Colleague: 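Take a look at this one; I'll ask things after.
All values derive from a computational prediction rather than experimental measurement.
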Amino acid sequence: MRLPFILVRETDILKIMRSKSVIFFTQVYFLDAALEHIRSSSNLCKMHVLIELTPELLNTNVLNISADLNKYPPLISFESVKDDWGLLAFGKYFEACESIHFVNHRKNNLFVSLSVTIKLLRLFRRVGFDLIHMDYFSLRQFFLVPFLAVYSNKVILNVHDPRMHLGEKYFSLALLRKIFFRFTGTFVVFSQFSKRQLEEVLGQDRRILVQKLLRYSIYREYSEQKVVEPINI
C-alpha cells in the first residue's frame, strides 16, 4: 500500500491555521523550505501564496528563470507563467492552494514598491484573510507596515535568525526589523535554541511557537543533473 507523500504532525502553528483563510508571504531565499510548509498546511486552510521576486532573484535558491520582469504586472499568477518559466515541478506543492502569485518588484525603488503594495492591498481585500503569515520581511515591504500595524493580532512572522548576521547589520534593515517585531502577534522559530534567543531579543512576554523544518523534497528534481566539482568558500 502506498502511503500519503506527506505525513505531518499537527503542530501549534498548524492548529492556528486550521480552517482559516491565510495569506502566506514568502521570499525566494526561503523557497525550498517554504514549498514544504505550503504543501503540508494548505490542506488545512484556505491558503493564498505570495512569492516576492526581483530581477536579482531569478536564479536563486530553487528558481532558474529567464524572464524580463518589466514585461509583467505587479502580481503574476503562477498558472500564467509555470510553463514559460519551467516551474512545472512546483505544481505539486500548490495543488491545494487557493491562489499563487509572484510579487513582481521589477525595479528597486520606492515608486515600484508603493505600486506593488497597492496591488497587494487590493488582493488582500478581495480574498479576505484571517491570518497573514510572513516568511520574514524585506525593505520592499516597507509600505505594508501601516496595514500590518492595524492587523497586528493577525500577523504571524517567521524568524529564521533571532540575532542578525554581521552582513545584515545596517540601519534600514535593523529599523524595519524593530518595526515588524513591534507589529507581530505571533512569532515562529525553527528550534528551541532559536526560541530562547528570540525571547532574549524581544525582552518581553510574546507568543513564540516552534515549527520544525520539513524535508526539502524539491531537490529531488536536481538529483539526475550533473554534479559539479566542489569548491572551497
Colleague: Donor-acceptor pair, distance only, cut-off 3.5 Å: does the side chain of S21 make one with the backbone of G128?
Modeller: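 Looks like yes, one N/O pair under 3.5 Å.
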Colleague: With rounding to the nearest 0.5 angstrom, report the CE to CE distance, M47 to M17.
Modeller: 3.5 Å
Colleague: Under 3.5 Å, is there a donor on one side chain and an acceptor on the other for H105 and T54?
Modeller: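 No, no side-chain donor-acceptor contact under 3.5 Å.
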Colleague: Under 6.0 Å between ring centres: does that hold for F129 and F147?
Modeller: yes
Colleague: Measure the acute angle between the ring planes of Y216 and Y219, then classify it against the limits of 30° and 60° as parallel, tilted or perpendicular.
Modeller: parallel
Colleague: Output the distance between atom CG (N59) and atom CD1 (I65), rounded to the nearest 0.5 Å.
Modeller: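 CD1 of I65 is found 8.0 Å from CG of N59.
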Colleague: Quick check on side-chain contact (heavy atoms from CB on, under 4.5 Å): which of D161, V159, V188 does L198 satisfy it with?
Modeller: V159
Colleague: Would one find more than 12 heavy atoms of other residues, nucleotides or ligands at under 6.0 Å from atom OH of Y72?
Modeller: yes
Colleague: Check the pair I51, L31 against side-chain contact (heavy atoms from CB on, under 4.5 Å), reporting the backbone distance first and the verdict last.
Modeller: CA-CA 8 Å; I51 305 168; L31 192 54; 4.2 Å; yes
Colleague: Answer yes if the ring centres of F25 and F137 are under 6.0 angstrom apart, and no otherwise.
Modeller: no
Colleague: Just wondering, more than 12 heavy atoms not from L121 lying within 6.0 Å of its CG?
Modeller: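 Yes, the 6.0 Å shell around CG holds more than 12 heavy atoms from other groups.
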Colleague: Apply the side-chain contact (heavy atoms from CB on, under 4.5 Å) test between P74 and each candidate in L123, V116, L120; give the one that qualifies.
Modeller: V116
Colleague: Measure from the side-chain N and O atoms of T117 to the backbone N and O of S113, and report whether any donor-acceptor pair falls under 3.5 Å.
Modeller: yes
Colleague: Donor-acceptor pair, distance only, cut-off 3.5 Å: does the side chain of N104 make one with the backbone of P73?
Modeller: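 Yes: the side chain of N104 pairs with the backbone of P73.
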Colleague: Can you tell me how far apart CZ (F181) and CG (L176) are? Round to the nearest 0.5 Å.
Modeller: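 So the CZ of F181 and the CG of L176 are separated by 10.0 Å.
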Colleague: For D83, does the CG atom sit with more than 12 other heavy atoms under 6.0 Å from it, leaving out its own atoms?
Modeller: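 Atom CG in D83 is crowded, with more than 12 foreign heavy atoms closer than 6.0 Å.
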Colleague: Ring-plane angle category for F102 and F78, please: parallel below 30°, perpendicular beyond 60°, tilted otherwise.
Modeller: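 The arrangement is tilted - the two ring planes meet at 30° to 60°.
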Colleague: Could you check whether E79 pairs with K82 (Lys NZ or Arg NE/NH1/NH2 to Asp/Glu carboxylate O, under 4.0 Å)?
Modeller: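 Yes, E79 and K82 are salt-bridged.
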Colleague: Please determine whether residues L88 and I100 belong to a single hydrophobic cluster, defined as Ile, Leu, Val, Met, Phe, Trp and Tyr linked transitively by side-chain heavy-atom distances below 4.5 Å.
Modeller: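 L88 does not cluster with I100.
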Colleague: Would you check if the side chain of D135 reaches a backbone N or O of N158 as a donor-acceptor pair within less than 3.5 Å?
Modeller: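 The answer is no, because no donor-acceptor pair under 3.5 Å joins these two groups.
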Colleague: Could you state the interatomic distance from CZ (R206) to CZ (R182), rounded to the nearest 0.5 Å?
Modeller: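 Interatomic distance, R206 CZ to R182 CZ, rounded to 0.5 Å: 7.5 Å.
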Colleague: Would you say the side chains of E52 and S138 form a donor-acceptor pair under 3.5 Å?
Modeller: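 Their side chains do contain a donor-acceptor pair, which is all the 3.5 Å distance test asks for.
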Colleague: Can you label the angle between the H160 ring and the Y136 ring as parallel, tilted or perpendicular, going by 30° and 60°?
Modeller: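 Perpendicular: the ring planes of H160 and Y136 meet at over 60°.
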